[in-house]
Every structure is written in C-alpha cells, then in structure tokens.
Amino acid sequence: VRDLTYQRPTSLDEAVRLAGVGGTALLAGGQTLLPALRRRQRSAVGLVDLGAVLPRDIGARAGGVRIGAGATHAAIAASELVGTVLPALAALARHVGDPAVRHRGTLGGALAAHEPSGDYPAACLALDTTIHTTERDIPAPDFFTGHRRTALGAGEIITGATFPLEPRAAYLKLLDPASRYALVGVFVALTDAGPRVAVTGARRTGAARWPGAERRLREDPTGERLHGLALPLDDLVEDRAGDAAYRAHLAGVLARRATVVARGPAPGAVAIVHGAPQPPHPRDRAWTGPA
Amino acid sequence: MPDVTMTVNDQPVHRVVEGRTLLVEFLREHLRLTGTHLGCDTAQCGACVVHLDGEAVKSCTVLALQCDGAEVTTIEGLAEQGGPSGLHPMQAAFREHHGLQCGFCTPGMVMMGTDIARRLGEPDAATIREELKGNLCRCTGYHNIVKAIAAGASAMADEERDRSGA
C-alpha cells in the first residue's frame with residue numbers, strides 16, 4: 001500500500017465534505033477495505049475514517065428496526081431488540097466473518113462493499129430494507145447495482161438502514177471450505193404479503209431476488225415444491241469451490257431448508273453447513289436440524 | 001507525518017507513524033513487541049489478534065491511527081497479568097495441553113482464547129471450534145488447541161470465582 005492521508009472527521013457534515021474529494025475511500029470498520037487495499041484490489045490516496053461520526057444506535061421504528069451504519073456485527077448479534085423481532089438478522093450477524101471481524105466490521109461498511117458473497121445484501125433484498133444516506137432513502141433493490149457496486153454517489157455516506165419486522169425468516173449459507181465466505185447463501189422471509197427469497201454468492205452481479213422460488217412458495221408454503229428447483233444457469237459464479245450447476249442446485253436446497261427453519265418453532269436460526277451441518281452456537285435459538 | 005498516542009500493555013506510548021501504518025506494524029516495528037505475529041496480513045489467519053479496548057481484533061486490519069486514545073493488550077501484556085508461573089491461565093493451559101507445535105499461530109490463538117472465555121464463559125468444544133473460524137493453525141489439527149482453550153476458560157472462570165468470593 002502506498003502511503004495515504006488519514007483524516008478522522010468529527011461531524012457528518014465534515015465527513016461528507018472530505019468524502020467528496022477524488023481518490024478518497026471511506027473507512028468504517030475497515031474489515032473489507034483494508035484487506036482490499038493490501039491486496040491492491042482497491043487503491044486510494046486518502047482515507048476518511050467515519051468511526052467518530054457514524055450512528056451506532058439500534059432502535060425500534062414504526063413497523064421496523066433502524067440500525068445505525070456504525071453498528072458492528074457483534075452489536076447487531078447481541079442486540080436484544082434485533083434478536084426478538086428479527087431473529088434471522090441477529091443470527092446472520094452472529095455468523096459474519098469471525099469474532100475479531102465482527103468486533104470491527106459494521107453494517108454500513110458491509111452494505112457499501114456489496115461483496116459478491118456478502119450476507120447482508122441477501123437479507124436486505126428479502127426483507128425489503130430501506131438504506132438511509134446523508135442525501136436520501138434508497139430501497140434495497142435500487143441500492144445494489146452490480147458486482148461490488150451500489151447506488152452511492154461521491155460524497156454520499158450511509159447513515160443506517162431500516163429493516164421491516166419479519167419474525168418468520170431464516171438465512172442459510174454453505175461456507176466455501178477455504179475462504180469461509182458463503183459459497184451460496186439464501187435468505188427466506190415469509191411476509192404477510194407473500195414469500196420473498198434472495199440469494200447471495202451465486203450471481204456474478206451480486207445478491208438478487210429469486211422469483212422462481214417465490215412462485216413455488218406461493219403455490220405451496222411448506223417449501224415441498226422447492227424440491228429439485230435450481231437457479232437459472234446464466235450469469236452464475238464459477239470457481240474452484242463450485243461450478244454453475246452446483247451453485248444453482250445448492251441454492252434450491254438451501255431455499256427449501258431455510259423455508260423449513262422459517263416456518264419452524266425457532267425461525268431465524270442460521271445453519272452454517274460446510275460438508276456437514278454444524279452444531280448450534282449457544283446463543284442461537286434451538287437448532288431444528290436440516291430438512 | 002501524523003502522530004498517535006495509545007496505551008499498550010498499560011504503558012502510554014506516543015509515536016509518529018504513516019497514514020498506512022497498520023496496528024500490527026506499529027506494535028512489531030515501532031514498539032518492538034514482536035510477540036504479535038503477522039501471517040497473512042489480509043484478516044484471514046488470526047496470528048495477529050490483539051485486544052483493542054478489551055475486544056479481540058486482527059491487528060493487520062486496523063490502522064495505528066484508528067487506535068488513537070485506545071487501550072491495546074498484546075500477548076506480552078497478557079503475561080504481565082499472569083499468576084505465580086508468570087503465565088496467564090490461558091497460556092498455562094496451552095503449555096499443559098500442548099496446544100502448539102511450531103508456535104507461529106499461538107499468540108493469536110491465546111488472545112482469541114481469552115476473548116472467547118470473556119464472552120462465552122466456559123463454552124463446549126464445538127463452540128470453541130466455531131469461534132476459532134478466523135484463527136488458522138497449519139500444524140496441530142486444532143485438537144489440543146481446543147482442549148487448551150477449554151481448560152484455560154475453566155481456569156479463568158475459577159479465578160473469577162475466587163476473586164468474587166474473596
């Protein structure tokens with residue numbers, strides 16, 4: 001990494017002004033940005049550290065929970081409010097990265113990074129989350145615009161996100177055995193308006209809704225009709241851990257299992273499976289087992 | 001160049017650094033605290049885990065300047081808080097259970113082990129394995145590391161009970 005200037009603004013206004021300068025990267029928890037700079041996947045001449053200015057509070061809103069962009073994954077996982085009304089999101093946060101990453105990494109940073117295997121984008125699409133910035137409110141489908149791309153403009157900073165209450169939801173991911181990122185992850189939310197399914201780790205362009213799975217769930221809410229369903233093969237990620245056909249099939253399996261968990265006595269439980277189902281974390285709700 | 005002030009192992013330190021200086025570089029090269037190891041330098045291996053304001057972090061993925069005003073504990077500082085053997089209970093458990101072979105990952109394992117014990121008390125072996133997702137060991141197959149962390153967590157809980165009972 002070439003040397004770079006480091007600035008730590010003390011107000012959001014100052015941060016917006018500094019963020020608008022060309023060649024500047026915004027630093028939240030740094031758990032995606034700093035390794036990307038080290039690997040020379042990204043470059044920057046200056047960093048603006050948002051650590052002192054991003055809201056970190058987690059609070060109830062009408063029909064939802066608003067989480068500040070500076071809230072860490074560990075804080076979201078430990079939040080009693082999130083654990084009660086959005087157990088799937090709390091469980092998702094509890095399985096992002098590893099404990100050290102969860103102590104530093106933030107919601108805002110994860111949304112802005114839009115990593116192709118990121119967990120939150122799938123949750124945001126399935127839950128119909130609204131992302132708040134210093135300029136506007138952006139619905140999740142308009143926010144995630146492509147591979148590591150978002151609708152954020154220069155000098156625009158995420159301040160938080162509001163997640164509608166969906167207690168009947170679940171997120172399941174199979175971990176890449178080497179990187180431990182999601183090989184494929186599927187978030188299922190059984191809302192009053194109908195089932196919503198979003199997939200991460202599969203499409204080259206990032207997380208996306210899966211209308212085919214939603215249609216089958218409308219026909220049969222038990223998820224039995226998801227048997228044998230696979231993602232359309234076009235535009236899927238292929239790497240050493242799995243080709244397109246494998247990922248397409250895996251998405252169907254995970255969607256069906258997530259539906260079972262979402263409909264079960266402990267919706268929200270996250271099963272992390274790599275090779276074999278993993279035992280529950282002590283703070284996860286009761287493990288219901290694979291379907 | 002910018003300067004940074006923080007507390008490392010209970011000692012106040014003040015140094016001039018570069019914007020790009022990582023916490024692990026600051027500890028190893030500026031302070032010569034070489035107990036913290038640099039393995040992958042991209043947040044995967046966990047050899048560089050230290051405690052920042054009481055929480056385990058990967059010091060290769062934090063800038064030194066982000067730690068202005070913070071308290072940092074490294075493997076060297078953990079030993080200073082040790083008992084009669086001069087070792088922290090988690091370090092003593094790693095020796096007792098032979099939780100290492102080459103030792104490269106050990107500082108990170110011990111710092112993560114104490115963090116696991118602080119957060120979860122006395123977790124079972126399966127939980128310890130899950131919590132070690134971000135700490136890689138290429139020698140041992142983890143069996144003795146998991147045993148050592150379980151034993152170290154029990155010893156820390158015993159110490160805590162002694163303290164609160166006294």
Side-chain angles (χ1 to χ4, degrees), chain A residues 1-8 25 27-41 43-52 72 74-75 77-78 94-105 109 175 178-181 270 272 274 276-284 287, chain B residues 1-4 17-25 38 40-70 108 111-113 115-116 118-136:
Chain A
V1 183
R2 275 201 220 136
D3 198 18
L4 29 76
T5 59
Y6 170 90
Q7 290 166 295
R8 189 176 172 88
L27 180 65
Q31 302 300 292
T32 302
L33 176 61
L34 292 176
L37 290 171
R38 304 282 291 170
R39 294 194 188 103
R40 303 187 183 200
Q41 291 165 340
S43 63
V45 293
L47 292 179
V48 175
D49 182 357
L50 303 177
T72 62
R94 186 145 60 242
H95 291 288
V96 171
D98 60 59
V101 167
R102 293 194 288 272
H103 284 150
R104 296 289 297 173
L175 300 185
S179 74
R180 304 294 180 95
Y181 284 99
V270 171
I272 297 199
H274 40 104
Q278 292 296 291
H281 190 282
R283 280 187 296 177
D284 274 345
W287 166 251
Chain B
M1 281 204 294
D3 59 309
V4 65
V17 298
E18 292 183 314
R20 64 180 167 181
T21 304
L22 301 169
L23 178 58
V24 66
E25 295 167 339
L38 183 58
C40 67
D41 100 356
T42 44
Q44 299 168 76
C45 80
C48 67
V49 169
V50 301
H51 295 175
L52 176 59
D53 290 329
E55 293 185 325
V57 303
K58 293 182 166 176
S59 61
C60 75
T61 309
V62 182
L63 296 173
L65 286 167
Q66 286 179 283
C67 304
D68 197 52
M111 298 309 281
M112 181 53 77
D115 185 76
I116 292 169
R118 177 185 61 77
R119 286 183 288 113
L120 301 175
E122 298 178 70
D124 62 20
T127 305
I128 293 170
R129 284 178 186 274
E130 164 74 22
E131 291 284 317
L132 286 179
K133 189 177 165 202
N135 289 75
L136 302 183

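Below, read A as the first sequence line, B as the second, and so on, with proteins coming before strands; counting in each chain starts at 1.
- Among B:Ile116, B:Leu65, B:Leu132, the residue making the largest number of heavy-atom pairs under 4.5 Å with chain A is B:Leu65.
- Tested against B:Cys48, the residues B:Val24, B:Leu23, B:Val57, B:Val62 include a single side chain to side chain contact (heavy atoms under 4.5 Å, CB included) partner, B:Val24.
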| request: Determine, stepwise, if the pair B:Leu120 / B:Ile128 fulfils side-chain contact (heavy atoms from CB on, under 4.5 Å). | output: CA-CA 9 Å; B:Leu120 301 175; B:Ile128 293 170; over 6 Å; no
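- For the set B:Ala43, B:Gly46, B:Gly134, B:Ala56, the count of heavy-atom pairs under 4.5 angstrom toward chain A peaks at B:Ala56.
- Side-chain N or O atoms of A:Arg102 include one that pairs as donor or acceptor with a backbone N or O of A:Arg94 at under 3.5 Å.
- For a residue to count as touching a neighbouring chain, one of its non-hydrogen atoms must lie under 4.5 Å from one of that chain's; by this rule A:Asp3 touches chain B with backbone and side chain alike.
- Among A:Leu27, A:Val101, A:Leu47, the residue making the largest number of heavy-atom pairs under 4.5 Å with chain B is A:Leu27.
- We find the SG-CG distance between B:Cys67 and B:Leu52 to be 4.5 Å, quoted to the nearest 0.5 Å.
- For residues 52-66 of chain B, every residue pair satisfying the side chain to side chain donor-acceptor pair (under 3.5 Å) rule, not counting sequence neighbours, is listed here: A:Asp98-B:Lys58.
- Only the side chain of B:Leu22 comes within contact range of chain A, judged by heavy atoms closer than 4.5 Å.
- Of the two parts of B:Asp115, only the side chain, counted from C-beta on, holds a non-hydrogen atom closer than 4.5 Å to a non-hydrogen atom of chain A.
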